[in-house]
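Contents: one structure, followed by commentary.
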Amino acid sequence: MNKFQKNRSGIKSWLNPWGYGIERIAYWLMRITGIGLLIYFIIHIYETSSILDGKAAWNKMLELTQTTEGHIILMIVIGMSTFHAINGIRIMLGHGGIGVGKPGRPDYPYLPKSQNMKNKLCIYAAIGLAALAMLYGAEIMFSE
Amino acid sequence: MAAVKSNEDNKSNFRNKTLPTVLFKIARFNPVTDLRMKFIDYKVEYENWSTVLDALLMIKHKIDPSLALRYSCRQASCGSCGMMINGKPRLACFTKINEVKSDVIRIEPMNNFPIIRDLAVDLTKMFRNHKKLKPYIIRSDSEIPDFSTSKEFLQDPDSIEQYIQFANCIKCGLCNSVCPTMATDSSFIGPQALTQAYRYVSDNRDKGKKTRLKIIDDKHGIWRCHFAGSCSKVCPKGVDPAMAIQFLRGYLLGFR
């Protein structure tokens, strides 16, 4: 069976968040921020392990974070962690069946109750708070 | 007589009416003869009430009889005519050409299902997963050996409301087609089967909850759902698989 016959949408299905509402965008952002935070975590371990090479090595490593590029990366990390944490709480509650609506006879045009306003507001709040946290972080870092 | 004349005038006007046209770009692929999928253009006239399925059948009957597609009821009851319409999984019989709001309509087979030919996909795996989750009432006294001692399994209206929404599933496969997990994990049970598991778990006549939860508590089972919610967005019957899956997971996590 070749790839055309298998007809799987594959990883491009993860990469394209458009066309299925804010919930699919939240799913996409959750993946992107999760991968981003994992990469940051690995870099962070490498960064902090420099202290094993003495004070001079540690200070040299810290200098890298005090550049404009370093500040921008940290700003992105702040945004990623804020969104991932808040949206993560929404998803954890949702996974337990909390806040996903009550079953009942559906009426046309069949708006799904699992994608109710509470869920949408949580996603918008996660995006908004991530943006605010980034701005606050930028204000502190760039005003030094 | 005047009435007859007027009727004939109407008929004449109807025949002379210029109908709008739409360009269909239809994916064609025969796994036996073709190495890759190709798109063929068909220009068709349509009425205000024409559905995508009407247009496809017109193409099949008048332009290209070799076009392969699956359909049956033409009223969103059988779940046969699921396909990608301008990139989104929809039922062809439940999608009017007008509502697509485009002069070009791209038709492809449903994603995440192997292609049999052109727009007809193989639903075997979906039905196998559906069957695996025992889509029937399980209880020790479900077989009635003696009619004189048998009794009806009574149920009040509130209990019916708990599952009736999920019983609306027509097994069209649109939810499996849009699911991002199904796109990369070919062993995932899928939103359709998981929803049907919840349909029976939430039925108070059923005693098979433990059996079903054991089946879905698997590395390719319910844990692979990440609540993207697109399954509920595309469901043509308002089943809301995302809701059913989260409720089902709530049992495994001890929330319910």
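These numbers come from the heavy atoms of this one structure, side chains and all, not from hydrogens, waters or symmetry mates. By convention in this document, chain letters (A, B, ...) are assigned in the order of the sequence lines, proteins followed by strands, and residues within each chain are numbered from 1.
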Item to check | B:Phe113 side, atom CZ; A:Arg8 side, atom CZ - distance, nearest 0.5 Å | outcome: 9.5 Å
Next on the checklist: Ignoring hydrogens, what is the shortest heavy-atom contact between A:Pro103 and B:Gln165? Give both atom names and the distance.
Outcome noted: CA-OE1, 3.4 Å
Checklist entry - Contact part of B:Val239 toward chain A, heavy-atom cut-off under 4.5 Å: side chain, backbone, both or neither? => result neither
Item to check | CG (B:Asp103) with more than 12 external heavy atoms under 6.0 Å | outcome: no
Next on the checklist: Counting heavy-atom pairs under 4.5 Å with chain A, which one of B:Leu248, B:Thr181, B:Ile245, B:Leu35 comes out on top?
Outcome noted: B:Leu35
Next on the checklist: Shorter than 4.5 Å, heavy atoms on both sides: which option in B:His226, B:Arg256, B:Gln162 has the most such pairs with chain A?
Outcome noted: B:His226
Next on the checklist: Let's go through A:Tyr20 and B:Lys88 carefully: what are the C-alpha distance in whole Å and the side-chain angles of both, what is the deciding distance for side chain to side chain contact (heavy atoms under 4.5 Å, CB included) to 0.1 Å, and is it a yes or a no?
Outcome noted: CA-CA 9 Å; A:Tyr20 302 106; B:Lys88 284 188 186 171; 3.7 Å; yes
Next on the checklist: Contact between B:Ser230 and A:Tyr27 at the side-chain level, heavy atoms closer than 4.5 Å - yes or no?
Outcome noted: no
Checklist entry - How long is the gap from NE2 on A:His95 to CH2 on B:Trp223, to the nearest 0.5 Å? => result 9.5 Å
Checklist entry - So which residues of residues 105-127 of chain A are in contact with chain B at a heavy-atom cut-off of under 4.5 Å? => result A:Arg105, A:Pro106, A:Tyr108, A:Tyr110, A:Pro112, A:Lys113, A:Ser114, A:Gln115, A:Asn119, A:Lys120
Checklist outcome for this item: The interface call for B:Asp185 against chain A, heavy-atom contacts under 4.5 Å, is backbone
Checklist entry - What option among B:Gly250, B:Gly254, B:Cys225, B:Ala228 has the most heavy-atom pairs under 4.5 Å with chain A? => result B:Ala228
Checklist entry - Is there a side chain to side chain contact (heavy atoms under 4.5 Å, CB included) between B:Asn111 and A:Asn7 once you walk through the steps? => result CA-CA 6 Å; B:Asn111 283 341; A:Asn7 193 29; 4.0 Å; yes
Next on the checklist: Using a 4.5 angstrom heavy-atom cutoff, name the option from A:Glu23, A:Lys6, A:Arg24 with the most pairs to chain B.
Outcome noted: A:Arg24
Next on the checklist: How close do B:Thr184 and A:Trp14 get, counting heavy atoms only, and between which atoms?
Outcome noted: OG1-CZ2, 3.3 Å
Checklist outcome for this item: Taken to the nearest 0.5 Å, the spacing of B:Met37 CE from A:Lys3 NZ works out to 10.5 Å
Checklist entry - Got more than 12 heavy atoms from elsewhere within 6.0 Å of NZ, B:Lys125? => result yes
Item to check | Distance in Å, B:Met84 CE paired with A:Ser9 OG, rounded so as to fall on 0.5 Å steps | outcome: 7.5 Å
Item to check | Interface moiety of B:Ile116 toward chain A, non-hydrogen atoms closer than 4.5 Å | outcome: neither
Checklist entry - Which bit of B:Ser186 is near chain A, if near means a heavy-atom gap under 4.5 Å: side chain, backbone, both or neither? => result both
Item to check | Taking every non-hydrogen atom, the tightest pair across A:Ser13 and B:Pro180 | outcome: OG-CA, 3.6 Å
Checklist outcome for this item: residues 35-61 of chain A vs chain B, non-hydrogen distance cutoff under 4.5 Å, contacting residues -> none
Checklist entry - Can you check side chain to side chain contact (heavy atoms under 4.5 Å, CB included) on B:Phe227 and A:Val100, steps first, answer last? => result CA-CA 10 Å; B:Phe227 196 16; A:Val100 294; 3.7 Å; yes
Checklist entry - Where does B:Pro236 contact chain A at under 4.5 Å (heavy atoms): side chain, backbone, both or neither? => result backbone
Checklist entry - Just how far is it from atom CZ of B:Arg117 to atom CD of A:Gln5, taken to the nearest 0.5 Å? => result 13.0 Å
Item to check | Euclidean distance, B:Gln246 CD relative to A:Leu93 CG, rounded to 0.5 Å | outcome: 11.5 Å
Checklist entry - So does A:Tyr136 have more than 12 non-hydrogen atoms from other groups sitting under 6.0 Å from OH? => result no
Item to check | Contacting moiety of B:Phe166, where chain A heavy atoms sit under 4.5 Å | outcome: side chain
Item to check | Per-residue contact mode, A:Lys12 against chain B (heavy atom under 4.5 angstrom) | outcome: neither
Item to check | Region of B:Arg249 that comes under 4.5 Å of a non-hydrogen atom in chain A | outcome: both
